[in-house]
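Structure first, then comments.
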Number of protein chains: 2
Amino acid sequence: MKYNKDTSEKILDSAIDIFQEKGFNGTRMQAIADKAKINKSLLHYYFKSKDKLFQIIIEKAVKLFIPRVLKVINVEGDIFQMIRDFVSAYIDMLRKNPHIPSFIINEINNNPERLLKLIKSSGFNVDFVKVKIQEDIDKGIIRDISPEHLLLNTLSLCIFPLVAKPMVVGIILNGEEDKFEKLLDERKKVVANFIIDSIKI
Amino acid sequence: MKYNKDTSEKILDSAIDIFQEKGFNGTRMQAIADKAKINKSLLHYYFKSKDKLFQIIIEKAVKLFIPRVLKVINVEGDIFQMIRDFVSAYIDMLRKNPHIPSFIINEINNNPERLLKLIKSSGFNVDFVKVKIQEDIDKGIIRDISPEHLLLNTLSLCIFPLVAKPMVVGIILNGEEDKFEKLLDERKKVVANFIIDSIKI
DNA sequence: GTTAAGTTTGACTATTTGGTTAACTTTACA
DNA sequence: TGTAAAGTTAACCAAATAGTCAAACTTAAC
């Protein structure tokens, strides 16, 4: 027998929650152990050190996320429908993992190389989207706009509100927290329309 | 004599840099002292504790930032010009303080109340912008869109690329870091046009 | 049942780090 | 110029926390 799958799963589940919520420096090994209801020594038995555990958590988060993102991009059909589908699916995905965006933002600012290496090694690439955009510009389906900017705009509109949730609630929604979920729901349509209205001819 | 202005300035200057870069938990008092080239005890002599120092840093950052933001919003004239001016000035402002956006994002996710209280107590409020947007919708100058969403879209498009810089470089610019500054420059026009194209009638 | 390998535990250690203290130096000014 | 207050320093302290270890326990194989 080599390693108890159950225990290491419990550790990973707890660790991902706490790292995502508190960041690397804010996370206590004891807190992970408590949440997993195991002895703290087991963390080291299974994962050697805090750094190693964190590394594995990041890797899992990225590898879980990237295929999902790619899956909701469908460049085969109508670009307007592609935008609607992507925005809707992406916002839904982010809502289900509300801590992931700020976790990644945080991590990427602390250690850009590590995360970038990971992303690249996972074969993630958006060139096919850029190509699709450029094709539709050439065909006269959408107005002339840099594919890079259009892509970045789309991601910004989807991701930022979740990353900045407390600020959105505090400043834009005047503290009415309960309106946030409604706002996100609306955004699935609003954002798609906002983009489409901007690029259609 | 009551307190050496020079020393406390040096401390604040160093502290703001390090807190912004590393966050509260990632910051070491010793690191602040080293950067300021003073003895660590002086931090406590002048600011009592890490928490107090942090509080003051946030307060300074917020009080410096908010008036600048408000200053570049001019609701008196043409809404399209208002958008152009705001986007351009805001992106420039963020570029000059590249750590501020991710610092705020992090901070507000770790301890929402603290930062929000400060922002609110400073009298920051965006209702006047919402009113202006609604007026121009009613006048038929721009299409019907929720003021909250338009505001949030604008902020998302300006702030997100800076918060996620390493990801933008890695994924959208295929690792060509030197293109990032050019991208930001372009964005001053691209984002304004993107918004205007979307809301004009 | 015995054994050996894998797993779990609590007590312990080393280090990091925010904070204190007391001695020293400089400055203001009577 | 004497002295008291302000400013500065190094040495130290206590708490927090990552990491270690040996003993105890569990499981599976024979």
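We name chains A, B, ... by the order of the sequence lines, and we start the count at 1 in each one.
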- [ ] Starting at atom CG of A:Leu43, determine the distance to atom C1' of C:dT8, rounded to an integer number of angstrom.
- [x] 12 Å
- [ ] Nearest whole angstrom, please: distance from the C1' of C:dG6 to the CD1 of A:Ile38.
- [x] 16 Å
- [ ] To the nearest Å, give me how far apart NZ (A:Lys52) and P (D:dA18) are.
- [x] 16 Å
TODO: Using whole Å, report how far CG of A:Leu42 lies from C1' of D:dC25.
DONE: 13 Å
Task: salt bridge (charged side-chain N to carboxylate O under 4.0 Å, His left out) involving A:Asp197 - partner list, sequence neighbours excluded - done: A:Lys200, B:Arg143
TODO: Indicate whether OP1 or OP2 belonging to D:dC21 is found under 4.0 Å from a side-chain N or O atom of A:Tyr45.
DONE: no
- [ ] Measure the distance from CD on B:Glu9 to C1' on D:dG7 and round it to the nearest whole Å.
- [x] 16 Å
- [ ] Quick one, give me the B/S/- string for nucleotides 15-22 of chain C, reading 5' to 3', where B means a protein heavy atom under 4.0 Å from the base and S means that only happens at the primed atoms, P, OP1 or OP2.
- [x] --SBBBB-
- [ ] Could you walk me through whether B:Glu177 and B:Lys165 pass the side-chain contact (heavy atoms from CB on, under 4.5 Å) test, one step at a time?
- [x] CA-CA 9 Å; B:Glu177 166 113 36; B:Lys165 171 179 172 181; 3.3 Å; yes
Do any side-chain atoms of residues 146-158 of chain B form donor-acceptor pairs under 3.5 angstrom with protein atoms, and if so which ones, sequence neighbours left out?
from	atom 1	to	atom 2	distance (Å)
B:Ser146	OG	B:Glu148	N	3.3
B:Ser146	OG	B:Glu148	OE1	3.4
B:Ser146	OG	B:His149	N	3.1
B:His149	ND1	A:Arg187	NH1	3.1
B:His149	NE2	A:Glu186	OE1	2.7
B:Asn153	OD1	A:Arg187	NH1	3.0
B:Asn153	OD1	A:Arg187	NH2	2.6
B:Asn153	ND2	B:His149	O	3.4
B:Thr154	OG1	B:Leu150	O	2.8
B:Ser156	OG	B:Leu152	O	2.7

TODO: Would you mind reading off the distance between A:Ile32 atom CD1 and D:dA16 atom P, rounded to a whole angstrom?
DONE: 19 Å
Task: Sequence neighbours excluded, every pair satisfying side chain to side chain donor-acceptor pair (under 3.5 Å) that has a member inside residues 87-101 of chain B - done: B:Asp92-B:Lys188, B:Arg95-B:Glu181, B:Arg95-B:Asp185
TODO: Sort and list the pairs that fulfil salt bridge (Lys or Arg N to Asp or Glu O under 4.0 Å) and have at least one residue in residues 45-60 of chain A, not counting sequence neighbours.
DONE: A:Glu59-A:Lys63
TODO: For A:Lys179, enumerate each residue passing the side chain to side chain contact (heavy atoms under 4.5 Å, CB included) test, keeping only those at least two apart in sequence or located in another chain.
DONE: A:Leu173, A:Glu176
Task: Atom-pair distance (CZ on A:Phe47; C1' on D:dA18), nearest Å - done: 16 Å
TODO: Nearest whole angstrom, please: distance from the P of D:dT26 to the CG of A:Asp6.
DONE: 16 Å
